[in-house]
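For this chain, numbers begin at 1 and follow the sequence in order. These values consider heavy atoms only, across backbone and side chains, with no hydrogens, waters or symmetry-generated copies. Everything quoted here is computed from the prediction, not taken from an experiment. Numbering of ligands and ligand atoms starts at 1, following listing order.
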Amino acid sequence: MGRDRHPNAVLLIGLGRFGGTLAETLQRMGHDVVAVDANRVIVQEWSGTLTHVVEADATSEAALRQLGAEGFDRAVVAIGTGIEASLLAAGTLLDLGVPEVWAKAITRQHGRILERLGVSHVVYPERDAGERVAHLLSGRLLDFI
Ligand code: ATP
């Protein structure tokens with residue numbers, strides 16, 4: 001992929017439940033997605049669904065450079081449980097000059113460190129889903145008052 005620019009594409013790191021759903025949904029909406037996962041089995045599982053899936057360790061600056069990460073304006077780090085990998089991948093993408101880095105956090109502490117690194121959007125999927133379900137349930141409960 002070299003030094004080409006990919007202004008409308010999204011570089012997505014980590015094809016877990018969150019990252020996989022995000023990649024699939026973005027692609028269905030018509031966006032170009034380059035998805036990266038370190039696990040060969042996961043890469044093979046997604047290769048039938050996603051157009052661009054690459055096996056690489058996103059904590060490695062050399063691997064990210066080889067993928068042409070500097071050419072992306074937007075990247076998402078969808079690694080949660082592996083906090084060290086999440087922080088290293090996010091930090092490396094920022095070092096490479098990717099202007100907009102989004103990242104998933106699993107705890108407030110994880111999120112605060114991502115923010116301190118300079119991540120522009122920290123998302124908390126479990127917390128956000130809990131709030132959404134509370135609103136939906138509350139709407140239904142109000143129907144019975
Ligand atoms: P989920 O979205 O399923 O809840 P999770 O928060 O438990 O995921 P992880 O399992 O830590 O997050 O990571 C999500 C995905 O990221 C996995 O498929 C894993 O293989 C991938 N991953 C982890 N470390 C790296 C890395 N260094 N480089 C690329 N991909 C990675």
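When all heavy atoms of Val98 and Ala69 are compared, the closest pair comes out as CG2-O, 3.4 Å. The two residues Leu15 and Ala23 have their closest heavy-atom pair at CD2-CB, 4.1 Å. For the pair Gly68 and His6, the tightest heavy-atom approach, listed with the atom from each and the gap, is O-CD2, 4.3 Å.
A distance of 11.0 Å separates NE2 of His121 from CD of Glu115, quoted to the nearest 0.5 Å. Interatomic distance, OG of Ser120 versus CZ of Arg74, reported as 9.5 Å (0.5 Å rounding).
Remark: the backbone N or O of Thr21 is paired with a side-chain donor or acceptor of Thr25 at under 3.5 angstrom.
At a heavy-atom cutoff of 4.0 Å, ligand 1 is surrounded by Gly14, Leu15, Gly16, Arg17, Phe18, Asp37, Ala38, Asn39, Ile42, Ala56, Asp57, Ala58, Thr59, Ala78, Ile79, Gly80, Thr81, Gly82, Ala85, Lys104.
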